[in-house]
**Student:** 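My structure is below; once you've seen it, I'll send some questions.
Reminder, nothing fancy here: chain letters follow the sequence lines and each chain counts from 1.
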Protein chains: 2
Amino acid sequence: MERSFGDRQEFMTEDTPASMHFHVVSGGARLFKSLPDGRRQIIGFAHKGDVLPAYPCTHYDYSAEAMRTLRVACVPAPYLRHLHETSPGACAASLRTTRQLLVGFHNRLLMLGRQTARERLAAFLIGQGTRMGRGELWPVDPGISRADIADFLGLTTETVSRLLSAFHREKLISRERRAIHILDPDRLRAIVAHSE
Amino acid sequence: MERSFGDRQEFMTEDTPASMHFHVVSGGARLFKSLPDGRRQIIGFAHKGDVLPAYPCTHYDYSAEAMRTLRVACVPAPYLRHLHETSPGACAASLRTTRQLLVGFHNRLLMLGRQTARERLAAFLIGQGTRMGRGELWPVDPGISRADIADFLGLTTETVSRLLSAFHREKLISRERRAIHILDPDRLRAIVAHSE
DNA sequence: CGCCGGGTTGAGCCATTTCAATGTCTGTGG
DNA sequence: CCACAGACATTGAAATGGCTCAACCCGGCG
């Protein structure tokens, strides 16, 4: 049973009973947590093929909203649980994807805790560019706003904007529309790792 | 086959082939990642009963070292993998623990990305205090130094020290030796959630 | 007793935020 | 086809939270 959501529509809410899991068919989603005073942290983005949440649970522990338009296949939570209990393959597959997630989060902990704004942005650009493991050089999804980047990196939109301008001046990226193209992945990677 | 490690001994190294998993029998360990220039982020702490890493993998993605003395049972990686492939229960159990870890990391992402030093320290104290789900009020493990707290929270030891002094002045905690006792969990929780 | 590895405290600094203004693109209605 | 509104992005100037550097303290141990 598929459902479709419009731009910015929140379809999963933190601390709400997890009756459904959502398998992304097309479009993208932001996954985030927020503080009572409105501060927001983007946990990640979901694309085609991703399942939210990626693991069985009774309550969602983060919220999700559509970027532009989103189509998802809804999977009842009891069905997923049942699948995990009966099919060892399904369980192993989930364990593999959660392992991937954990490794990613370890890196992001390091990034948020110990890297400078410049390093974080470079890491983000590289991460987006190599998203699908493709031959480098994907532009950043134009559905991702400066505010999204800021909330992902724990910065402000102004800082992100200033740094993007700096990267542009240094010919590391080019900007057209909202899309960002990576021009010099090697130098960006050097910024991430080495603190340049 | 059990092994034992001395204070500060690193027994698991990032980017090294994961031949073994370590089941903590007694003592504690710090799990961390570091940048080439020495900046360090503590990913978490391991205690009795924890398994490192908690999921099958080919390479470790973080390092671990003993706090004081540590005893672990070493589990060969192929054995764990085999166990997961044959016993659905083992796989499901791993999935449950990785789910817990993921939820914790989501919260820490929010903490590192969007909370102030004061809020982070309060969150850390509450988290340590309620570690085992016990009736509140565990003191912070004295094996955890100010540097550890700082590296866990993405702060400096000086900031941690200053904030602990502030909390002490406000009668939220008491300090004796290196151990920290929680005096007013409710007010600490208010700091975490509300930004006070 | 005196050294040594934390821990605490202070003063000044700096990266990032905050506040504020201006620019740019898009869609809309006259 | 143009004027205009609104949302987002950029840029600048000023404020600030947390960091750096540096001194001092304290308890344990040779």
**Student:** When the ring centroid of A/F152 is compared with that of A/F45, is the distance short of 6.0 Å?
**Tutor:** yes
**Student:** Indicate whether the side chain of A/Y62 and that of A/D15 have a donor and an acceptor atom separated by less than 3.5 Å.
**Tutor:**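 The criterion, which ignores hydrogens and geometry beyond distance, is not satisfied for A/D15 and A/Y62.
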**Student:** Tell me whether B/R39 is salt-bridged to A/E119, with the criterion being a basic N under 4.0 Å from an acidic carboxylate O.
**Tutor:** yes
**Student:** What is the distance, rounded to the nearest whole Å, between atom CZ of A/R114 and atom P of C/dT16?
**Tutor:** 14 Å
**Student:** Using whole Å, report how far CD1 of B/I144 lies from C1' of C/dG5.
**Tutor:** 18 Å
**Student:** Identify the heavy atoms of A/L35 and B/Q115 that sit nearest to each other, and give their distance.
**Tutor:**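 Nearest heavy atoms, A/L35 then B/Q115: CD2-CG, 3.8 Å.
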**Student:** Rounded to the nearest Å, what distance is computed from the CG atom of residue A/L164 to the C1' atom of nucleotide D/dT11?
**Tutor:**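 It works out to 13 Å between those atoms.
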**Student:** Measuring to OP1 and OP2 of D/dA9, would you say a side-chain N or O of A/S161 lies under 4.0 angstrom away?
**Tutor:**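 Indeed not, no polar side-chain atom of A/S161 lies that close.
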**Student:** Counting any heavy atom closer than 4.0 Å, what does A/R8 reach on the DNA or RNA strands: base, sugar-phosphate only, or nothing?
**Tutor:** sugar-phosphate
**Student:** Please state how far atom CG in B/L112 lies from atom C1' in D/dG18, giving the value in whole angstrom units.
**Tutor:**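 For the pair B/L112 CG and D/dG18 C1', the rounded distance is 15 Å.
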**Student:** With heavy atoms under 4.0 Å as the rule, sort B/R120 into base, sugar-phosphate or nothing.
**Tutor:**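 Counting heavy atoms under 4.0 Å across all strands, no contact is made by B/R120.
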**Student:** Roughly, in whole Å, what's the span from CD in A/E176 to C1' in D/dT10?
**Tutor:**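 It is 18 Å, rounded to the nearest whole Å.
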**Student:** What is the nucleic acid contact for B/T157, judged by heavy atoms within less than 4.0 Å: base, sugar-phosphate only, or nothing?
**Tutor:** nothing
**Student:** Counting heavy atoms from C-beta on, name the nucleotide in D/dC19, C/dT16, C/dG7 closest to the side chain of B/L155.
**Tutor:**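 Out of D/dC19, C/dT16, C/dG7, the nucleotide with an atom closest to B/L155's side chain is D/dC19.
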**Student:** Name the residue from B/R40, B/K33, B/Q41 that meets the side-chain hydrogen bond (donor to acceptor under 3.5 Å, both in side chains) definition with B/D151.
**Tutor:**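 Among B/R40, B/K33, B/Q41, the one meeting side-chain hydrogen bond (donor to acceptor under 3.5 Å, both in side chains) with B/D151 is B/R40.
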**Student:** Tell me whether the OP1 or OP2 atom of D/dG18 has a side-chain N or O from B/R162 closer than 4.0 Å.
**Tutor:**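 Checking D/dG18 against B/R162, no side-chain N or O comes under 4.0 Å of OP1 or OP2.
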**Student:** Between C/dG6 atom C1' and B/E158 atom CD, what is the distance in whole Å?
**Tutor:** 12 Å
**Student:** Please pick, from D/dC21, C/dT17, D/dC8, the nucleotide with the shortest atom-to-atom distance to any side-chain atom of A/T159.
**Tutor:**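 Shortest atom-to-atom distance from the side chain points to C/dT17.
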**Student:** Nearest whole angstrom, please: distance from the P of C/dT17 to the CZ of A/R39.
**Tutor:** 13 Å
**Student:** Heavy atoms from C-beta onward define the side chain here; which of D/dG18, C/dG6, D/dA9 lies closest to that of A/S145?
**Tutor:**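 Shortest atom-to-atom distance from the side chain points to D/dA9.
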**Student:** Would you say C/dT9 has OP1 or OP2 under 4.0 Å from some side-chain N or O of B/S165?
**Tutor:**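 Checking C/dT9 against B/S165, a side-chain N or O does come within under 4.0 Å of OP1 or OP2.
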**Student:** Please report, rounded to the nearest Å, how far the P atom of C/dT16 is from the CG atom of A/L121.
**Tutor:** 11 Å
**Student:** Can you identify which nucleotide, out of D/dT11, C/dG7, C/dT16, has its nearest atom closest to the B/R178 side chain?
**Tutor:** C/dG7
**Student:** Is the shortest side-chain N/O distance from A/R118 to OP1 or OP2 of C/dA15 below 4.0 Å?
**Tutor:** no
